[in-house]
Amino acid sequence: MIPHREDIMAGKSPFGQFIERAQELGAEEAKLIRADSVVTAPWVRLKCQFGCGGWNSSLCCPPHSPAPEETARVIACYKRALLVHSRGKIRPTKIVVPLEREIFLAGYYKALAFGSGPCRFCRECNMEACVHPDEARPSMEACGIDVFATARANGFPIEVVRDETDPQHYYGLVLIE
């Protein structure tokens with residue numbers, strides 16, 4: 001159970017409970033990080049356009065997702081975030097979306113989640129309006145977040161996956177306050 005903001009502010013319950021909750025939801029690990037350690041870059045969106053079959057396939061993917069410049073401005077409104085690491089057992093989006101809701105209900109009204117990879121809720125996206133707005137979130141990379149630089153800056157493992165035998169690391173993010 002996520003504590004209320006007043007309990008956290010009074011020292012009754014640490015942010016560690018958000019980390020524990022991420023692990024209960026299936027994260028390999030999670031870490032409370034400084035929001036200014038989240039790296040954005042314009043080239044990241046180009047990797048979606050030229051290299052990912054998800055481009056323009058859903059409302060969570062570019063060009064419909066926030067541009068890197070907008071994402072950087074949004075991140076600048078925050079001090080803390082929760083970076084969630086998964087090894088593929090469960091997609092980070094399935095972890096960060098319920099966390100976003102629980103963190104919001106704990107009193108952190110600015111809680112905002114970013115998942116990993118293209119949205120997979122619908123076989124074909126209704127490009128007029130999302131039919132899963134409570135579950136779907138754009139990925140970190142779709143919004144211009146350099147996942148490699150962000151993970152490395154915060155002590156998490158990540159390497160280029162060269163073949164199916166290489167370890168795979170996936171990340172999600174919840175901006176908190």
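For this chain, numbers begin at 1 and follow the sequence in order.
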Same hydrophobic cluster for V74 and Y171, using side-chain heavy-atom links shorter than 4.5 Å among ILVMFWY?
yes
Quick one: do R34 and R80 satisfy side chain to side chain contact (heavy atoms under 4.5 Å, CB included)? Show the steps, please.
CA-CA 5 Å; R34 291 172 41 130; R80 295 183 183 141; over 6 Å; no
Are more than 12 heavy atoms, taken from residues, nucleotides or ligands other than F104, located less than 6.0 Å from that residue's CZ atom?
no
Testing the basics here: between I95 and G26, what is the closest heavy-atom pair and its distance to 0.1 Å?
CD1-C, 3.7 Å
One should read off an interatomic distance between F15 CZ and L32 CG, to the nearest 0.5 angstrom, of 6.0 Å
Main chain of T165, side chain of D163: is a donor-acceptor contact present, judged purely on distance under 3.5 Å?
yes
Output for pair (K94 NZ, S86 OG), nearest 0.5 Å, gives 12.5 Å
Could you point out which residue of S58, P62, S57 forms a side-chain contact (heavy atoms from CB on, under 4.5 Å) with C60?
S58
Give a yes or no on whether L173 and F156 share a hydrophobic cluster (residues Ile, Leu, Val, Met, Phe, Trp, Tyr; joining criterion: side-chain heavy atoms under 4.5 Å apart).
yes
Nearest 0.5 angstrom please: I103 CD1 to R21 CZ, how far?
10.5 Å
Restricting to non-hydrogen atoms, name the atom on L99 and the atom on V84 that form the minimum distance, rounded to 0.1 Å.
CD1-CG2, 4.3 Å
Assess the side chains of E28 and H85: does a donor N or O sit below 3.5 Å from an acceptor N or O?
no
Smallest separation among heavy atoms of L83 and A151, with atom names
CD2-CA, 4.2 Å
For residues L175 and A81, report the shortest heavy-atom separation together with the two atoms involved.
CD2-CB, 3.9 Å
Are any non-hydrogen side-chain atoms of C48 and C61 less than 4.5 angstrom apart?
no
NZ of K110: more than 12 outside heavy atoms within 6.0 angstrom?
yes
Heavy-atom closest pair, residues E29 and P157:
OE2-CD, 4.2 Å
Rounded to the nearest 0.5 Å, what separates atom CD1 in I75 from atom OG in S37?
9.0 Å
Beyond-backbone contact of R45 with P63, side-chain heavy atoms, under 4.5 angstrom:
yes
Backbone N/O of P133 and side chain of R137: donor-acceptor pair under 3.5 Å:
yes
Look at atom CZ of R101 and say whether more than 12 heavy atoms of other residues, nucleotides or ligands are closer to it than 6.0 Å.
no
For F18 and V174: C-alpha separation, side-chain torsions, deciding distance, then whether side chain to side chain contact (heavy atoms under 4.5 Å, CB included) applies.
CA-CA 10 Å; F18 297 141; V174 182; over 6 Å; no
pair C119-E135: side-chain heavy atoms closer than 4.5 Å:
no
Measuring from atom OG of S139 to atom OH of Y170, what distance do you get when rounded to the nearest 0.5 angstrom?
12.5 Å
If you round to the nearest 0.5 Å, how far is NE2 of H132 from CZ of R120?
14.5 Å
Please confirm whether the backbone N or O of G117 pairs with a side-chain atom of E141, one donor and one acceptor, at under 3.5 Å?
yes
Does L25 belong to the same Ile/Leu/Val/Met/Phe/Trp/Tyr cluster as L82, with side-chain heavy atoms less than 4.5 Å apart forming each link?
yes
Pair R152 + E159: basic N to acidic O under 4.0 Å
yes
Examine I90 and V161 and state if one hydrophobic cluster contains both, with Ile, Leu, Val, Met, Phe, Trp and Tyr joined whenever side-chain heavy atoms are less than 4.5 Å apart.
no
Would you confirm whether R91, through its side chain, and G115, through its main-chain N or O, come within 3.5 Å as a donor-acceptor pair?
no
Which heavy-atom pair separates C130 from A136 by the least distance, and what is that distance?
SG-CB, 3.9 Å
Sub-3.5 Å donor-acceptor pair from the side chain of T40 to the main-chain atoms of T71, do we have one?
no
Co-membership, hydrophobic cluster, residues Y78 and V97, 4.5 Å side-chain
no
